[in-house]
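Notes follow once the structure below has been shown.
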Amino acid sequence: MYLTRKFHIEGTEQLERLSRSSADLWNSICKWYWRTVDRQDHWLSKTAMRRWHCKGHDVLPSQTAQEVAEQFYEAIDSWHDNDRKGDPPKRSDKTYNVLRWTYQGVTLRDDGVLRLSTKRGDDSILIDWPAREEPRTVEIGKTSGGFVVRAQYDTEPVDRTTGNKVAGIDLGEKHLAAVFTGGDAFTVNGGELRALRHYQNSLKAKLNAKIDRKERGSNRWNKLVETKQEQLDHIDNKITDLLHKLSRKTVEMLLERGVSAVAIGDVRGIRDRIDYGKKMNQRLHQWAYGEFARMIEYKAKLAGITVERVDEAYTSQECPHCGHRKKPSGRSYTCSECGFHGHRDVVGAANIRRREVAERKYVGQEPTGSKTRLPGVMASPSGVRFRPHLSCSSRSRRRTSRQPV
């Protein structure tokens, strides 16, 4: 499987020039693509666009120029797959666009330096690579503080499982995840993420109000826009760091409990199906379930845990003891038929796990703790909570901790 390593580098005149050329090429492709659609009612193919605009580019190496067309058509395909909802791909910023190299243009030297190919006659781009594996693809994008490198490389999973339990994970907004392993349960608290999102929204509104009072394009306007981007990037980095730490802690707790297979509730599309009002809709649209689930999934697979997505419809409403459905209120679930009582999110996780156990292709093997129905009382879950004052960079001794909820 592939992993992505991300790190920052200082900007150079060469990277600035290539980034501007990539932006010019994107805008040229975008312009002629839509102009051909409007005037000739014809959707240009990627091959034709590459031959027209990318072949023999003056500044970009051939494969990097072709990757710009690849990025544009990926955006077009995504727009079509989404039933053309939202804005179609359009012109980008004139000053920068992502630069991408595939494995043909990437070489890892013996001294641990990545060499990225450039146009003949230009100096190659050299980057210190903090890993032994040679990356398959390299992307360089511009940030407020310089450039960021994203390198994707191949790695082999290492089986660290010690049991054959199946766990169910129910994703949520208050609790990022509720996990049920058959024998016990724990929840991953999402309070710190909600606090960061709230701060991000209030900061964005405050800075937007200041920007709107300045003349567009003035020095003060430009400084405020730059400050806004820097501060929002900083918050985004803190959110990503938080999700990485909590997902890593979740996988470690699964391994401690002898879990070898995980079922994650599939909640994709939930934001399009519900309407809870302006404030709640904003929280749901900023819900990081997709990123958090992706992090759990790839970290679990690296540890040898099998991961499946399971339909989560009605899992939080169905009693895991008798099967009766009742819409819960608050954080607790109490069945009106049999009196079963338990944590609402853990009930969802238990039902997700039960569906996975029922559908798994076990041949002559019954996984540990795979009972289809639970007893009438569910024990309170333990919790994984992120302490803001203990969190920061990976170079510090600060860490996530496990606390009772």
Side-chain angles (χ1 to χ4, degrees), residues 1-26 29 46 50-51 53-74 92-93 95-160 233 236-237 240-241 244-245 248 294-295 298-299 301-304 393-396:
M1 61 184 299
Y2 292 101
L3 289 180
T4 301
R5 184 179 290 271
K6 173 183 173 183
F7 53 96
H8 294 267
I9 60 174
E10 294 183 359
T12 64
E13 183 179 344
Q14 183 184 29
L15 286 176
E16 294 281 357
R17 177 169 55 86
L18 292 174
S19 185
R20 285 193 299 269
S21 297
S22 179
D24 291 340
L25 178 57
W26 170 285
I29 290 173
K46 180 167 54 179
R50 281 178 167 176
R51 189 182 304 116
H53 287 278
C54 303
K55 190 175 181 179
H57 195 273
D58 295 336
V59 179
L60 298 174
S62 177
Q63 61 161 316
T64 304
Q66 292 181 18
E67 286 300 313
V68 176
E70 183 73 26
Q71 295 169 36
F72 179 80
Y73 278 89
E74 285 175 359
S92 70
D93 190 288
T95 59
Y96 68 92
N97 187 48
V98 172
L99 299 166
R100 184 187 295 174
W101 284 263
T102 56
Y103 67 94
Q104 298 99 328
V106 180
T107 304
L108 179 59
R109 302 192 323 196
D110 294 337
D111 58 355
V113 174
L114 280 182
R115 177 183 175 274
L116 306 180
S117 64
T118 54
K119 198 77 174 174
R120 180 174 295 180
D122 291 346
D123 294 333
S124 299
I125 298 174
L126 303 178
I127 301 173
D128 291 330
W129 176 238
R132 291 179 297 178
E133 300 84 1
E134 183 171 356
R136 302 284 293 175
T137 61
V138 176
E139 280 189 0
I140 299 181
K142 195 171 184 180
T143 65
S144 55
F147 287 84
V148 60
V149 179
R150 300 179 186 89
Q152 191 179 70
Y153 60 96
D154 192 13
T155 186
E156 291 295 329
V158 178
D159 192 349
R160 297 166 53 201
D233 286 346
D236 283 337
N237 290 336
T240 302
D241 179 68
H244 271 297
K245 290 179 177 178
R248 183 169 62 249
R294 184 190 66 81
M295 289 180 180
Y298 86 78
K299 287 179 172 66
K301 288 181 177 179
L302 280 175
S393 68
S394 58
R395 292 173 294 181
S396 70

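Heavy-atom basis, side chains included; hydrogens, waters and symmetry copies ignored. Keep in mind the model is a prediction, meaning the values are calculated, not measured.
Side-chain contact check for Leu25 versus Arg20: every heavy-atom pair is 4.5 Å or farther apart. Using a 4.5 Å heavy-atom threshold, the side chains of Val98 and Gln71 count as touching. Taking the side chain as every heavy atom from C-beta outward, Val138 and Leu99 never approach each other to under 4.5 Å. You'll find the side chain of Tyr103 stays beyond 4.5 Å of the side chain of Thr137, heavy atoms only. Contact annotation: the side chain of Lys6 never approaches that of Val149 to less than 4.5 Å [non-hydrogen atoms, C-beta and beyond]. With a 4.5 Å cut-off on side-chain heavy atoms, Thr155 and Leu302 count as touching.
Here Arg5 does not pair with Glu133 in a salt bridge; the nearest charged N to carboxylate O distance is not below 4.0 Å. Salt bridge Arg50/Glu70: present, at least one basic N to carboxylate O contact under 4.0 Å. A salt bridge links Lys245 with Asp241: the distance from a Lys NZ or Arg NE/NH1/NH2 to an Asp or Glu carboxylate oxygen falls below 4.0 Å.
With Ser22 contributing its side chain and Leu18 its backbone, the two residues share no donor-acceptor pair below 3.5 Å. Checked by atom type and distance alone, the side chain of Ser21 pairs as donor or acceptor with a backbone atom of Arg17 at under 3.5 Å. No donor-acceptor pair under 3.5 Å is formed between the side chain of Lys301 and the backbone N or O of Met1. At distances below 3.5 Å, at least one donor-acceptor pair connects side-chain atoms of Thr118 with backbone N or O atoms of Asp123.
Shortest non-hydrogen contact noted between Tyr153 and Pro135 is CB-CA, 3.8 Å. Contact between Gln63 and Thr102 at its shortest, heavy atoms only, is OE1-OG1, 2.5 Å.
Residues passing the ring pair (Phe, Tyr, Trp, His ring centres under 6.0 Å) test with Trp101, sequence neighbours excluded: none. The ring pair (Phe, Tyr, Trp, His ring centres under 6.0 Å) check on Phe72 picks up Trp26, Tyr33, with sequence neighbours excluded.
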| request: Could you please spell out the steps behind the side chain to side chain donor-acceptor pair (under 3.5 Å) verdict for His244 and Lys299? | output: CA-CA 9 Å; His244 271 297; Lys299 287 179 172 66; 2.9 Å; yes
| Derivation and outcome, side-chain contact (heavy atoms from CB on, under 4.5 Å), residues Leu60 and Lys119 | CA-CA 6 Å; Leu60 298 174; Lys119 198 77 174 174; over 6 Å; no
| message | Show, in sequence, the C-alpha distance, side-chain angles and deciding distance for Glu134 and Arg115, and conclude whether the salt bridge (Lys or Arg N to Asp or Glu O under 4.0 Å) test is met. | response | CA-CA 11 Å; Glu134 183 171 356; Arg115 177 183 175 274; over 6 Å; no
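The aromatic rings of Phe7 and Trp129 sit tilted relative to each other, their planes meeting at an angle between 30° and 60°.
Every pair tested for salt bridge (Lys or Arg N to Asp or Glu O under 4.0 Å) that includes a residue from residues 146-158 fails, sequence neighbours excluded, so the list is empty.
With values rounded to the nearest 0.5 angstrom, Thr95 atom OG1 is found 10.0 Å from Asp24 atom CG.
For the side-chain contact (heavy atoms from CB on, under 4.5 Å) with Leu114, the qualifying choice from Val106, Ile125, Leu126, Asp128 is Val106, the only one to do so.
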